[in-house]
Structure formats: structure tokens, C-alpha cells
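Side chains are part of it too, since the values below use all heavy atoms of this structure and drop only hydrogens, waters and symmetry mates. In what follows, residues are counted from 1 in the order of the sequence shown. Here the structure is a predicted model, which means the values were calculated and not measured.
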Amino acid sequence: MIVKPQLAKLGLFDAKVPRYTSYPTAPHFSNDVGPDMFGDWISAIRPGSSISLYVHVPFCRRLCWFCACRTQGTQTDNPVIAYVDVLKAELDLLAARLPSGVTLSRLHWGGGTPTLLNPDLMRELAAHILGIVPLGHNAEFSVEIDPNEVDAARLDALAEAGMNRASIGVQDFDDEIQKTIGRIQSYDTTREAIDMIRERGVPSLNADILYGLPHQTKARMTESVQKLLSLNPDRVALYGYAHVPWMAKRQQLIPSDALPTPEQRLDLFYTARRLFLWDNYKEIGIDHFATKDDGLTHALKAGRLKRNFQGYTDDQAEVLIGVGASSISRFPQGYAQNAPATSAHTKAVRDGRFSTSRGHLFKDQDILRARLIEALMCDFRIDTAEILRDHDISAAELTAMYQRANDTFDGLLQVTDDGLFIPPEARALTRMIARTFDAYDLSKAGHSSAI
């Protein structure tokens, strides 16, 4: 078993590495990708195929201090109503380029706070989306739900529109921690929201919980996880809090001296992990847990687990289109990101064009390296036969990549004729191991703690 001194020697507690929800990561995007290329990529989608659609709603009633997402506060519905009109216009631009017969395998509303929309706006937006690209067979329609900003009428609207997965952010149930991160959300409020969701027949529930928050201890982590387990989520994301006050100014309100050390963060993670495993959740990748009947569990068993901007997914669509300010799309050709500022995004759409402001056109070994990193992040192994079958690389070159990675980590990895494998005792290092297959400059800003 690897102990903390060995992990420290290998750099776990000091390293800043990407979360690898994409490759290359967003800091490497450039203005080489614009609206015209984005439109051409949409037109190149295979007729009759399935795609995923992400809808970004960048508004909140209150701005949580811990959050590093691009959001803006509003106390009135006026900017939200105007924004939904922009989304509908953007969807019309998409409809004009989208080939015939395309359906949705996944529809996700994220934010921000999508449940900020009133029930009529929810119905209006859902109808507009599904009128352009309908849900396909076994499609999943998920929505991020703030228990403080939802009621029966809005849940009725979402259920009627076809929502079949709800995602709730918990972060932590401890009162002091909630006050310190600017997110007040009681256990009772969360439970009442979940009860209302289930009363409407929504079959699946996700929950997010954070480790590495200020004032967190193993005892407090244990209490919060046990409260979460009492709500019986189907899937849990156990994310490490990324303290980046130089990027997310509101995080300056969080006292840095109250944060756990990197070593303590690792203890918090393992404390939560043990509780999920004891409750018979299956470990999914580096930070997710799911019940035996959840889609992620089935995907892991079948070797179909994927990674995208929302974390782990069982979605097999090769195209993900993001609508709304700052949304990122992924195509076989590369990535495209909308203008981050709501004002710039709105102006572009009202002028009759996509707001694509930057992105990345795949080149050289991008697709190969993306797959190597995804395989490690999802399965903790790289299958040599798969890589040689699907990518233009020699066995000798691939083996040399494996050896460089293994040498970097003092021979902790297992390298065989079948491929490279990260043993369980080394999996805390997974993102760092994945980094050895990254060909880009790793000094770019935006990376977070390795643990």
C-alpha cells in the first residue's frame, strides 16, 4: 500500500493538474475556431444520428462563494426571460444547419440555476428544443436542481417535459461550512426537494458533494455523507473543491487558512469513499459512485464509460452541442466554445450568427492522446490492442509511452503486452499519470490540486 510519504515524494500534494474532462483542456483553446467552422461541423453530423445537447443557464438568485462557474446574480425574472428568447433564437440557428432525423441521446440543463426559470419558461424552452431535435429511444433528460430554488409547479413542468434524471448539489450539510462557502441549504430543504422529485416519478437522482472545503474534518465529512446516503441517490459525484480565488473572485470571501491541507484533503476523500463503498455503491472512475442498477455501473462493466464536461457519462454520442453563453461543444473535428459573456453571446445570436469565440481543431496526436487519457480516467488501464486497432501508432511507440509514464512514477504501474494498468494502491495519482500522456504546455492556468 502506498503511504503518504511516498505520495508526497511523487508530488501528489503539490501538483496542479487538469481534471481532464476534455483533451486538450479548455486553457489551450484558441480563436482558430469560429462561427463558420462551428456551423460547418453541425452540417457534417450524420443524418439520423444521435447527439447530446447541453443548455447553459448562467443565472442564480444568489452567488455561492465556492463556485467557479460563469454565473451572474439576478433578483428579477426580466434578464432570464430575455435570455430564454436568445436560447430559442440560437436553437433556431442550430435547426437551420442540423441534418434531418437527428435525435437526442442526452439533454442536460445546467448552470447557474436552471430551476430559476418559471414553469411557463421551462415549458416554452423544452418545447422549443424538442420541436427541433426530439428525444430518442432511451434518451436521458437531466436538470440541475437547486433545492432552494424549486417548487411543485416547476417540478411539474420539468416532469411533463420529460425530465428523467435530476441532479442536486449538496456540497456539505454542516452549518458552519455552509456559512463559510456562502451556500445555505439545510438537510430538510434538500430532502423535501428530493421527495417532490420522486413523487413525480423521476426515476434517477444525482447528487454532488465536495471534499476539501473550509472547516471540513473527517467527523463532519462522515456526518454529511451519512445524511446524503439517507436520501438514497442513484449516483454521487465526490468532487474536490478547487480554491482558485485568482480566477473566481468570489472565492476571496472564503478564508484560505480554514482550508484543509492537501494531506487532510486525501483523508477527507477516503473517509467519504469508504462510506459509499460500505453502502454498496460501485466506484466509478476517480470520483463518482453509483448503485448497481445505474447507467454508469452498466457502462463501466461493459467498457463503455466515457468522460465529458459533466464528468463521467454512459452517453455514446460522438457529438455534444452546447447552447448558451460559455457552453462548449465537442465534435469529431474538435471543440467549439460560445462567447463567455452573456452580453457578447446575446449580441451575436441577435445578429443572426453563432457566438463561437474560440475552440480547438484536432491535429497531430490529439485524438490518440485523448483516448489514452480517457481510458486511464475511466478504466485505470489502457488496452494496447484497442489503441493499435483504432489509432495510427506503432506498438513500439505506444510501449515507449507506457515506459515513460512508469518511470515517472517509480515503477508503480503495471506494463504488460496487454497494456498499462494503474493498480488500486496508485489510483490517487491517476490525474498525474494521465498528465504524462498530455503533449501540451502544462503551465497554463486553470488546473487544480491533484487531490
Side-chain angles (χ1 to χ4, degrees), residues 1-3 6-7 9-12 15 17-25 270 273 277 281-290 292 294-308 311-318 330 332 362-440 442 450-451:
M1 182 67 179
I2 298 177
V3 294
Q6 190 175 5
L7 293 173
K9 179 184 175 184
L10 292 169
L12 177 67
V17 292
R19 294 186 186 273
Y20 288 119
T21 54
S22 70
Y23 180 83
T25 56
Y270 279 126
R273 175 182 179 270
L277 296 181
Y281 281 75
K282 175 69 177 177
E283 193 165 16
I284 308 292
I286 63 169
D287 55 15
H288 280 50
F289 300 85
K292 63 181 179 61
D294 187 81
L296 289 187
T297 303
H298 294 311
L300 179 65
K301 289 179 179 176
R304 296 184 292 104
L305 189 64
K306 300 292 184 180
R307 192 155 171 84
N308 66 14
Y312 290 102
T313 180
D314 55 350
D315 183 25
Q316 302 301 303
E318 63 179 8
R330 186 196 189 284
F362 290 143
K363 58 183 181 294
D364 302 328
Q365 291 188 321
D366 283 347
I367 294 175
L368 162 68
R369 290 177 180 270
R371 179 56 196 149
L372 295 173
I373 289 170
E374 182 181 57
L376 290 174
M377 296 291 290
C378 290
D379 303 313
F380 304 112
R381 66 185 297 271
I382 297 171
D383 184 325
T384 294
E386 175 210 322
I387 299 302
L388 295 180
R389 180 193 69 214
D390 296 340
H391 301 274
D392 183 18
I393 186 173
S394 69
E397 186 180 359
L398 187 58
T399 300
M401 284 186 175
Y402 295 164
Q403 198 56 56
R404 283 194 295 271
N406 201 23
D407 290 345
T408 301
F409 291 94
D410 293 349
L412 289 174
L413 312 181
Q414 296 175 9
V415 178
T416 70
D417 291 342
D418 294 329
L420 180 145
F421 178 72
I422 305 175
E425 61 270 19
R427 287 178 184 172
L429 300 161
T430 296
R431 285 166 57 205
M432 295 178 63
I433 296 166
R435 183 179 62 177
T436 64
F437 294 90
D438 190 331
Y440 287 85
L442 294 174
I451 184 62

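The CD1 atom of Ile422 sits 10.0 Å away from atom CG of Asp379, with the distance rounded to the nearest 0.5 Å. With rounding to the nearest 0.5 Å, the separation of CD1 in Ile373 from OH in Tyr23 is 5.5 Å. Residue Gln403 holds its CD atom at 5.5 Å from CG of Asn406, rounded to the nearest 0.5 Å. Between Arg19 atom CZ and Thr25 atom OG1 the span is 12.5 Å, to the nearest 0.5 Å. Summarising the geometry, atom CG belonging to Leu12 is positioned 9.0 Å from atom CZ belonging to Phe409; distances are rounded to the nearest 0.5 Å. For the atom pair OG1 (Thr384) and CZ (Arg389), the distance works out to 12.0 Å, reported to the nearest 0.5 Å.
At distances below 3.5 Å, not a single donor-acceptor pair connects side-chain atoms of Arg371 with backbone N or O atoms of Ile387. Judged by distance alone, with hydrogens and angles left aside, the side-chain atoms of Glu318 form no donor-acceptor pair with the main-chain N or O of Pro332 at under 3.5 Å. Between the side chain of Thr430 and the backbone N or O of Arg427 there is at least one donor-acceptor pair closer than 3.5 Å. Between the side chain of Arg381 and the main chain of Ala375, no donor-acceptor pair closer than 3.5 Å is present. A distance-only check finds no donor-acceptor pair linking the side chain of Asp410 to the backbone of Leu412 [under 3.5 Å]. Between the Glu374 side chain and the Lys306 main chain, no donor and acceptor come within less than 3.5 Å of each other. Between the Asp438 side chain and the Tyr440 main chain, a donor and an acceptor come within less than 3.5 Å of each other.
Among all heavy-atom pairs drawn from Thr297 and Lys282, the shortest one is OG1-CB, 4.0 Å. The nearest pair of heavy atoms linking Tyr270 to Ala428 is OH-CB, 3.8 Å. Of all non-hydrogen atoms in Thr21 and Arg307, the two that sit nearest each other are CG2-NH2, 3.9 Å. Listed here is the closest heavy atom pair of Ala299 and Asp314: CB-CB, 3.6 Å. Listed here is the closest heavy atom pair of Tyr312 and Ile286: OH-N, 3.0 Å.
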Checking side-chain contact (heavy atoms from CB on, under 4.5 Å) for the pair Val415/Leu420: CA distance, chi angles, key distance, verdict? CA-CA 5 Å; Val415 178; Leu420 180 145; 4.3 Å; yes
Please walk me through it: do Phe437 and Ile382 pass side-chain contact (heavy atoms from CB on, under 4.5 Å)? CA-CA 11 Å; Phe437 294 90; Ile382 297 171; 4.0 Å; yes
Could you go through the side-chain contact (heavy atoms from CB on, under 4.5 Å) check for Leu296 and Leu305 one step at a time? CA-CA 7 Å; Leu296 289 187; Leu305 189 64; 3.8 Å; yes
Pair Arg431-Met377, side-chain contact (heavy atoms from CB on, under 4.5 Å): steps then yes or no: CA-CA 7 Å; Arg431 285 166 57 205; Met377 296 291 290; 3.8 Å; yes
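When only modelled atom types and interatomic distance are considered, Asp294 and Tyr281 share no side-chain donor-acceptor pair under 3.5 Å. Residues Glu425 and Gln6 bring no donor and acceptor atom of their side chains to less than 3.5 Å of each other.
By the 6.0 Å contact criterion, NZ on Lys363 is enclosed, its count of non-hydrogen atoms from other residues, nucleotides or ligands being greater than 12.
For the pair Gln365/Met401, a side-chain contact is recorded, criterion being any heavy-atom separation below 4.5 Å from C-beta on.
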